[in-house]
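Down below is the structure, laid out as structure tokens.
All residue numbers refer to positions in the sequence shown, counting from 1. Counting starts at 1 for both ligands and their atoms, in listed order.
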Amino acid sequence: MNNYDILKRTFAVSIDKSNIGQNLMFVGWIEDFRDMGKIGFISVRDMTGNFQGVVTGEILIKLREIPRQSVVIIHGVIKESKAESFQVEVKVEKVELLSKAANPLPIDPTGRVSSSLDKRLDSRALDLRNSRISNIFKTRSNALYLIRKFLTSKMFVEVNTPKIIGSATEGGADLFGFEYFSKKAFLAQSPQLYKEQLTLGLERVFEISPYFRAEPSHTVRHLSEFVSVDMEAAYLKYTDVMDFIEELIISTISDLYTNHNIQMKYFGESRDILPDKIPRISYEKCLEDLKSLGEKIEFGEDLSDPSLRKLGEIYPKFYFIVDWPTKLKPFYILEHEKDPELSKSFDLQYGYLEIVSGGTREHDSERLKNKLLEKGLNPSSFSDHLQAFEWGMPPHSGCGLGFDRFMMILTKSTNIREVVLYPRDTERLSP
Ligand code: AMO
């Protein structure tokens, strides 16, 4: 290993005319090398951007032996550039090879030679050397930070609940089960029961974590492991939760455009995803809208993927669908007092895509037991959960936001696999 002091490195993004004449050290990978015979040009990229290096003599000969994507230390003097895309360039005085890349590589991360998504996912670490792709994940990191900041500012406490659980969270069949010492255990599909219980002592909680669903669906919006931003708050109604979600969506997107526009530009110039307000449309109004488009759906039927795609033609951006039929919602959702067939529930949609699901919860233990029975579930499997409802459970509401789906909107990606580093689906278990 070469002897170098990494803290003395200069990042590509930081050089400009004020550095002319300085001898600086850079670390990065060779993105491109153009050999013109007596002179050569290299493009070196690091996590911040790239610069052009000019090489001649011995260094040019040395570079002919170094494959693209290899990691190098470059020492050189900053000069004014005649190139249109750079203010300055680096007259390379020394190149040290830190790590040699194979030639050929499985994909071309510059994107000049395009590869299928599957091939890119097979070489994901290398795929991240493409600026658009790395900016998806920088945006993901920024969005997570902004969501945490927003929820913390609303007095939510971040919590961590178990992902190894002893019984079904929501009573669904789509759980991954496995041997846990001498018992049967499952991977959590949602923190639903825990987050509700936690409102008893913490009032407002949120959790950002992966969850696991053994859904055999192979679509562009489902994964077996996905990240959800879950929140739950004592004393709030589902309409208050919608207010929070609306504010969270608007503040996160506008902050990204204001403070992280360098990244957002990779996904297009248009800011059309940023709403002023998010309309609230009842399930029943959706049925009327669909009827006007020639699609007849009976009250109580779920909105299928083709129906949601039709609805997305009328409402192509963010909108809430509120007051779903009680029978379509899980046992923990409360119904309206005046019309028990309708529940205090909502989904946040972006066109056809469901991003958030939430509602006001049932907090009375007797009624909750009856709801479990009505849904064909056994209350004794939920005894740990039900006992908390005997200890002074506050009325509460909450929701779960599919973070990967939100990332699809932020980065204008059509496949959820684009915005997840190492996606897991029915086919893919590696890398
Ligand atoms: P739900 O099952 O609707 O609600 O999930 C909440 C949100 O999570 C996202 N999502 C998924 N994303 C990718 N792949 C999947 N397989 C997947 N499944 C769900 C969606 C969805 O809107 N406990 C409730 C939430 C609550 O009421 O608080 C729940 O889990 O964006």
Side-chain angles (χ1 to χ4, degrees), residues 143 147 151 156 159 161 163 165 168-176 187-199 204-234 236-238 240-242 244-245 248-249 302-303 305 308 318-322 324 326 328-334 343-363 371 375 385 396-410 413 415-420 423-426 428:
I147 290 173
L151 290 171
F156 282 79
V159 296
T161 63
K163 303 302 154 238
I165 52 170
T169 324
E170 306 208 6
D174 46 2
L175 284 167
F176 288 106
L187 290 177
Q189 64 181 154
S190 136
Q192 184 64 36
L193 308 186
Y194 291 112
K195 66 175 181 172
E196 285 193 50
Q197 291 171 29
L198 294 175
T199 62
R204 293 182 182 189
V205 293
F206 77 101
E207 178 162 18
I208 302 180
S209 167
Y211 293 98
F212 307 89
R213 301 213 178 162
E215 289 162 352
S217 41
H218 197 90
T219 74
V220 291
R221 63 183 193 284
H222 287 97
L223 290 176
S224 315
E225 176 176 345
F226 68 99
V227 170
S228 171
V229 178
D230 272 90
M231 60 198 89
E232 201 68 29
L236 296 194
K237 302 186 292 291
Y238 74 125
D240 304 319
V241 178
M242 280 192 278
F244 273 169
I245 284 290
L248 179 149
I249 297 281
D302 207 352
L303 302 181
D305 182 54
L308 286 170
F318 285 109
Y319 62 104
F320 288 103
I321 304 181
V322 303
W324 288 77
T326 307
L328 289 179
K329 286 290 164 184
F331 66 89
Y332 48 79
I333 296 279
L334 193 65
S343 63
K344 297 184 175 184
S345 60
F346 70 89
D347 283 1
L348 174 72
Q349 299 282 133
Y350 187 88
Y352 87 100
L353 191 64
E354 178 197 316
I355 312 287
V356 183
S357 187
T360 303
R361 319 305 189 181
E362 178 61 76
H363 68 277
K371 283 275 186 58
K375 297 275 178 190
H385 183 54
H396 55 280
S397 298
C399 67
L401 176 150
F403 183 66
D404 309 304
R405 291 191 184 174
F406 185 43
M407 281 304 304
M408 288 172 73
I409 311 303
L410 293 179
S413 303
N415 191 327
I416 194 164
R417 290 161 188 78
E418 286 280 0
V419 299
V420 173
R424 293 287 176 260
D425 59 31
T426 49
R428 187 174 279 281

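The shortest separation from a heavy atom of Cys399 to ligand 1 is under 4.0 Å, placing the residue in contact. Heavy atoms of Tyr332 come nearer than 4.0 angstrom to ligand 1 in at least one pair.
In this view, Asp302 and Trp324, Leu328 satisfy the side chain to side chain contact (heavy atoms under 4.5 Å, CB included) rule, not counting sequence neighbours.
At a heavy-atom distance under 4.0 Å, only side-chain atoms of Gln192, from C-beta outward, approach ligand 1. Contacts of His222 with ligand 1, taken as heavy-atom pairs under 4.0 Å, involve both backbone and side chain.
The nearest protein atom to atom 6 (C) of ligand 1, hydrogens excluded, is given as Gly400 O, 3.6 Å; this is a heavy-atom distance. In terms of protein heavy-atom proximity, atom 5 (O) of ligand 1 is closest to Arg213 NH2, 3.8 Å. Among all protein heavy atoms, the one lying closest to atom 27 (O) of ligand 1 is Arg361 NH1, 3.0 Å. Atom 9 (C) of ligand 1 has its closest protein heavy atom at Gly402 CA, 3.6 Å. Summary of contacts: the protein heavy atom closest to atom 8 (O) of ligand 1 is Phe226 CE1, 3.5 Å. Protein heavy atom in closest approach to atom 4 (O) of ligand 1: Ser357 CB, 3.8 Å. Among all protein heavy atoms, the one lying closest to atom 20 (C) of ligand 1 is Arg405 NH1, 3.5 Å. The protein heavy-atom contact nearest to atom 21 (C) of ligand 1 is Glu354 OE2, 3.3 Å.
On a distance-only criterion, Met231 and ligand 1 share no N/O pair closer than 3.5 Å. The N/O atoms of Ile355, backbone and side chain alike, include one that comes under 3.5 Å of an N/O atom in ligand 1. Polar contact check, Gln189 against ligand 1: no nitrogen or oxygen pair lies under 3.5 Å apart. The shortest N or O to N or O distance between Glu215 and ligand 1 is below 3.5 Å. Here's the thing with Ile416: none of its N/O atoms is less than 3.5 angstrom from an N/O atom of ligand 1.
Each of the atoms 27 (O) of ligand 1 lies under 4.0 Å from some heavy atom of Gly358. Proximity to Val356 (heavy-atom distance under 4.0 Å) selects the following atoms of ligand 1: 22 (O). For ligand 1, the atoms sitting less than 4.0 Å from at least one non-hydrogen atom of Arg221 are 13 (C), 14 (N), numbered in the order shown with element in parentheses. In the vicinity of Lys195, heavy-atom distances shorter than 4.0 Å reach the ligand 1 atoms 26 (C), 28 (O).
Phe226 and Tyr211 have tilted rings, their planes meeting at an angle from 30° to 60° on a 0 to 90° scale.
Contact check for Cys399 versus Ile245: side-chain heavy atoms found under the 4.5 Å cut-off.
Aromatic pair Phe320/Phe346: centroids less than 6.0 angstrom apart.
Of the listed options Asp404, Leu353, Leu223, Leu223 places a heavy atom closest to atom 14 (N) of ligand 1.
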